[in-house]
Asks: 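Below you'll find the structure I mean.
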Amino acid sequence: MLRCLLIDFNAYFASVEQQARPELRGRPVGVVPMMADTTCCIAASYEAKAFGVKTGTRVAEARKLCPDMVFVEARHALYVEFHHRAIAAVDRVAPVEWVLSIDEMACGLPMGWSSRERATALALRIKAGLREALGECLRVSVGIAPNVFLAKQASNLQKPDGLVVLDDTDLPGPLLRMKLDDLTGINRGMLARLHAHGLTTVAQLWRARREQLHTIWGGVGGDDFHDQLHGLPVQRLASPRRTLGHSHVLPPEQRNRDDACAVLDRLTQKAAMRLRREGLVAGAMSVGLRCAARGQASQRWEQAARMAHTQDTQTLLHTLAALWAGLPPQLPPPFKVGMVLHDLLPLAQSSAGLFDDDSRRSCLWQAVDALNLRYGKHTVYCGSAHRARDSAPMRIAFNRIPDPGTEA
């Protein structure tokens with residue numbers, strides 16, 4: 001029985017750029033986090049993919065593969081804007097029930113629309129609505145199937161601008177021409193585990209018993225994978241957020257300790273605002289660097305500390321300063337920094353200490369957040385991040401849509 005319709009935007013970042021900038025249409029485009037030959041493409045247009053350029057291809061290599069390649073710096077706020085316009089356009093045809101990522105969303109098929117013919121007609125209406133709302137460059141592949149997992153596999157079978165239906169009677173059929181790691185959820189590590197258990201093809205995976213996959217996955221993840229692969233609906237409660245953090249690859253001019261510290265400071269201030277926005281407090285913090293000297297393998301440095309549960313910017317910055325003080329002096333220049341807040345709890349489940357100043361400053365930070373939301377991110381901020389105030393702009397994670405108000 002068909003229950004789900006999934007919309008997958010093709011080459012999303014690059015397509016948004018081509019739609020917003022007509023001079024890029026029909027040209028090979030690579031979207032990069034910064035203009036530097038040492039970075040890599042985070043998206044490539046289909047014109048670029050024809051030359052072998054793909055996500056993760058280094059800029060220098062992309063230039064060799066495609067000398068006419070046009071590189072543009074990512075504009076994440078624009079991609080979030082198009083994302084919300086896309087949801088609104090789909091919602092006008094069928095309610096969006098699941099937002100899977102910045103370029104994927106899914107709808108449950110309304111009652112009476114689960115036949116192949118009616119589901120296909122609904123998909124064509126959605127495609128037409130998106131083309132009208134977003135423009136001709138934003139093509140989508142639609143997959144229709146008994147669950148979200150199979151709808152995703154269906155959307156992958158025909159790109160760009162595809163429309164594939166996988167009903168129960170079709171299975172495993174079209175899936176058999178896929179490789180194991182083409183299936184969503186099978187990464188390099190899981191692929192090795194499957195091979196170690198003698199499963200090297202999708203046909204073998206299809207025939208595997210539920211108990212066998214439970215063993216390979218090491219728990220209910222294997223049960224879920226088996227059920228999804230065979231078209232059964234799987235519903236599990238969403239697990240609470242456990243961590244919150246930010247990372248940033250430093251441009252060449254900032255690959256020094258002072259700038260790295262200032263960028264970490266800015267990332268921490270952004271994370272604190274997100275904590276307050278989401279009604280959370282953190283009980284631990286970790287920071288990390290990746291460093292590299294010319295001609296040598298990269299080195300990592302990480303440090304962590306616990307603290308009383310807090311969402312107070314000043315407390316988090318003091319914790320960052322204490323962690324940074326432990327940085328070994330002999331480390332090479334850093335090229336990537338990151339910070340993560342751990343042990344998250346809802347604010348209502350935390351209790352302030354007897355001598356805690358956080359509660360006294362809460363009104364202050366609420367006022368700071370309100371000013372920054374209304375007038376822009378640099379209206380009020382802690383001066384320790386001043387030299388990095390224009391660094392580490394908003395980035396889109398794999399499965400989370402950032403809030404431009406708190407992460408610009």
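Model, not experiment: these values are computed from the prediction.
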Asks: Is the shortest side-chain N to carboxylate O distance from Arg306 to Asp343 below 4.0 Å?
Replies: yes

Asks: Does Arg210 come within less than 4.0 Å of Asp224, counting only side-chain N to carboxylate O?
Replies: no

Asks: Return yes if a side-chain donor-acceptor contact under 3.5 Å exists between Gln204 and Thr200, otherwise no.
Replies: yes

Asks: Parallel under 30°, tilted from 30 to 60°, perpendicular over 60°: which one fits the rings of His230 and Trp206?
Replies: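 Rings of His230 and Trp206: parallel, as their planes differ by under 30°.
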
Asks: Check this for me: does any side-chain nitrogen of one of Asp8 and Lys159 sit under 4.0 Å from a carboxylate oxygen of the other?
Replies: yes

Asks: Please determine whether side chain to side chain contact (heavy atoms under 4.5 Å, CB included) holds for the pair Met307 and Leu316, giving the CA-CA distance in whole Å, both sets of side-chain angles, and the decisive distance to 0.1 Å.
Replies: CA-CA 9 Å; Met307 58 202 170; Leu316 294 173; 3.4 Å; yes

Asks: Within this structure, what is the CD-CE distance for the pair Glu47 and Met69, rounded to the nearest 0.5 Å?
Replies: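 Result: 10.0 Å between the selected atoms.
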
Asks: Applying the salt bridge (Lys or Arg N to Asp or Glu O under 4.0 Å) test to Glu136, which of Arg25, Arg131, Lys127 qualifies?
Replies: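 With Glu136 as partner, Arg25, Arg131, Lys127 yield a single salt bridge (Lys or Arg N to Asp or Glu O under 4.0 Å), made by Arg25.
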
Asks: Tell me whether Lys54 at atom NZ has more than 12 heavy atoms from other residues, nucleotides or ligands lying less than 6.0 Å away.
Replies: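 Not more than 12 within 6.0 Å, no.
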
Asks: State which residues pass side chain to side chain contact (heavy atoms under 4.5 Å, CB included) with Pro328; sequence neighbours excluded, sorted by chain then number.
Replies: Trp301, Gln330, Leu331

Asks: Aromatic rings His386 and Tyr381: how do their planes relate, parallel, tilted or perpendicular, breaks at 30° and 60°?
Replies: parallel

Asks: So, Thr310 versus Asp312: side-chain donor-acceptor pair below 3.5 Å or not?
Replies: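 No pair is found: no donor N or O on one side chain lies under 3.5 Å from an acceptor on the other.
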
Asks: Side chains of Glu17 and Tyr79: donor-acceptor distance under 3.5 Å anywhere?
Replies: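 Yes, side-chain donor-acceptor contact under 3.5 Å.
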
Asks: I'd like to know if Arg27 pairs up with Asp68 as an ion pair, taking the criterion as any Lys NZ or Arg NE/NH1/NH2 lying under 4.0 Å from an Asp or Glu carboxylate oxygen.
Replies: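 No, Arg27 and Asp68 are not salt-bridged.
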
Asks: Considering non-hydrogen atoms only, spot the tightest contact between Met35 and Phe71 and give its length.
Replies: CE-O, 3.1 Å

Asks: Would you please say whether a donor-acceptor pair under 3.5 Å links the side chains of Thr184 and Gln153?
Replies: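 On atom types as modelled, these side chains qualify, holding a pair under 3.5 Å.
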
Asks: So how far is it from His246 NE2 to Gln269 CD, rounded to the nearest 0.5 Å?
Replies: 11.5 Å

Asks: With a cut-off of 3.5 Å and sequence neighbours excluded, list every side-chain donor-acceptor pair involving residues 139-147.
Replies:
from: Ser141; atom 1: OG; to: Asn10; atom 2: ND2; distance (Å): 3.2
from: Ser141; atom 1: OG; to: Gln158; atom 2: O; distance (Å): 2.9
from: Ser141; atom 1: OG; to: Gly162; atom 2: N; distance (Å): 3.2
from: Asn147; atom 1: OD1; to: Phe149; atom 2: N; distance (Å): 3.3
from: Asn147; atom 1: OD1; to: Leu150; atom 2: N; distance (Å): 2.8
from: Asn147; atom 1: ND2; to: Gln228; atom 2: O; distance (Å): 3.0
from: Asn147; atom 1: ND2; to: Leu232; atom 2: O; distance (Å): 2.9

Asks: Without hydrogens or angle criteria, can the side chains of Asp369 and Asn372 be said to hold a donor-acceptor pair below 3.5 Å?
Replies: no

